[in-house]
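Each chain gets a letter, A, B and so on, in the order its sequence line appears, and its residues count up from 1.
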Amino acid sequence: MPTASRTCTAPLAPTPRWTALAIERWFARAARELPWRRITATGYRDPYVSLVSEAMLQQTQVSRVLDKFTPFIARFPTVHALADAPEQDVLAMWSGLGYYRRARHLHAAAKAIVERHAGVVPADPVELVKMPGIGAYTAGAVASLAFHVRAPIVDGNVRRVLLRVNGLDVDAEAGESAAWREATAIAESARNVALANEGLMEFGATICTPRAPKCGTCPLRSRCVARAMNTQDTIPRAKTAPARSMIHHLALLVRDGRGRLLVEQRPGTGLWAGLWQAPALELSKRPRSAIAAVREFADSIRVGPPKDRPFMILRHELTHRRIEARVWASERMSRKKPMQGIFLAPGEIADLPLSALHRRILLSEQCSS
DNA sequence: AATTCGGGGGC
DNA sequence: GCCCCAGAATT
């Protein structure tokens, strides 16, 4: 028996090869069936489908994307169909997913693929990353998952998994470059890079979760440094949250004689750029008198006076803002000064690109009428 | 390097 | 309430 027993030695981190093979083995058995994972006659998945799903999945959970993905592909089945579609149609199919810039970028990327690559999605991540809305992650994902190119990918899941397995007790930002180095080594040593890459993400989403990771059934636990040192719950370290500003919306619901609702389009930049909504006054402070403000607003857009009280108050939270919307029903429109604007019937409103906030406003008025 | 861009799930 | 999510572009 050795006299110098090792009682408190840090465990040895696994090699990239070991991690890749363990993840591949696990994923081959545990993969969820998702609509964008279907294999075509080529033996690989449709790269256009991969491109759409990866754009939708940016900062968006799988369960959210499931509702929107199939209708989107049905409406725009090919890269040509998407490239030829009006932007408003693309936004309408994206409505409710958030981060609408992604939809515009995806649309622009489809046009670029048609114009510069004869309508064929490139397999080279160096080419992919030149397209609007495609960064290092999405380029690597399309290249590796749809073409089996040995390109690395690091998303929030992969970063967390690799930091934990290697016991790097840092915050997510500090661990970014280390995660890319490790992901590169994994992609290069994997047996099947598509299985290894997608498996790492799935593993992070279902086993090595942000909170309460399932270490008891983890296929990596024999070699996981975080598990051995009981740091799995603190990796990656949290960062301080940004302050949130308050915005007050005073929205008006205006109907014409046929019961249609007035809508306006937001400016081309900033929050909910180019999306449609009920006409609204937006204030950075709570108004001294909301009713006075909304009366003045109604007069300025030439509609009849609002009722005395809002019929609905909605609260909506975004990452950097918190929005309180008070919604007034306006009385009839002024006949003397007929206002100009766009009125839409309920069925037509359903086809507009609307933020979740204004969808709630407009649809609830449709229901209450 | 820090901010902006949505919306919702999970605890 | 807080953190996070198959991130990317802009400042």
Output for pair (A:Leu354 CG, A:Ser95 OG), nearest 0.5 Å, gives 5.0 Å

Selected nucleotide, minimal atom distance to A:Tyr99 side chain, candidates B:dG6, C:dA8, C:dC3: B:dG6

If you restrict it to nitrogen or oxygen atoms, what contacts under 3.5 Å exist between nucleotides 9-11 of chain C and the protein, and what is each distance?
| unit_1 | atom_1 | unit_2 | atom_2 | d |
| --- | --- | --- | --- | --- |
| C:dA9 | OP1 | A:Gly133 | N | 2.5 |

Quick one: salt bridge (Lys or Arg N to Asp or Glu O under 4.0 Å) pairs with a partner in residues 19-31 of chain A, sequence neighbours left out? none

A:Arg150: what forms a side-chain hydrogen bond (donor to acceptor under 3.5 Å, both in side chains) with it, not counting sequence neighbours? none

Whether A:Trp272 and A:His358 hold their rings parallel, tilted or perpendicular, with breakpoints at 30° and 60°: perpendicular

Side-chain-base donor-acceptor pair under 3.5 Å for A:Thr60 and B:dG6: yes

Could you state the atom-to-atom distance from CG of A:Leu354 to C1' of B:dG7 in whole Å? 14 Å

With a 4.0 Å cutoff (strictly under), does any side-chain N or O of A:Gln59 reach OP1 or OP2 of C:dG7? yes

Residues in residues 198-206 of chain A with a heavy atom under 4.0 Å of DNA chain C, by number, are A:Glu198, A:Met201

Please determine if a side-chain N or O atom of A:Trp36 lies less than 4.0 Å away from the OP1 or OP2 oxygen of C:dA6. no

So which of residues 152-160 of chain A are in contact with DNA chain C, with a heavy-atom cut-off of under 4.0 Å? A:Asp155, A:Gly156, A:Asn157, A:Arg160

Has A:Arg45 got its NZ or CZ under 6.0 Å from the middle of the six-membered ring of A:Trp36, at an angle within 45 degrees of the ring axis? no

Check every strand shown and say whether A:Ser53 touches a base, only sugar-phosphate, or nothing at a heavy-atom separation below 4.0 Å. nothing

Just to be sure I follow the notation: if a pair is Watson-Crick (purine N1 to pyrimidine N3 plus N6-O4 or O6-N4) or a G-U wobble (N1-O2 and O6-N3), each under 3.5 Å, what dot-bracket string does DNA chain B give, with | for pairs to another strand? |||||.|||||

Rounded to the nearest Å, what distance is computed from the CH2 atom of residue A:Trp180 to the C1' atom of nucleotide C:dA6? 11 Å

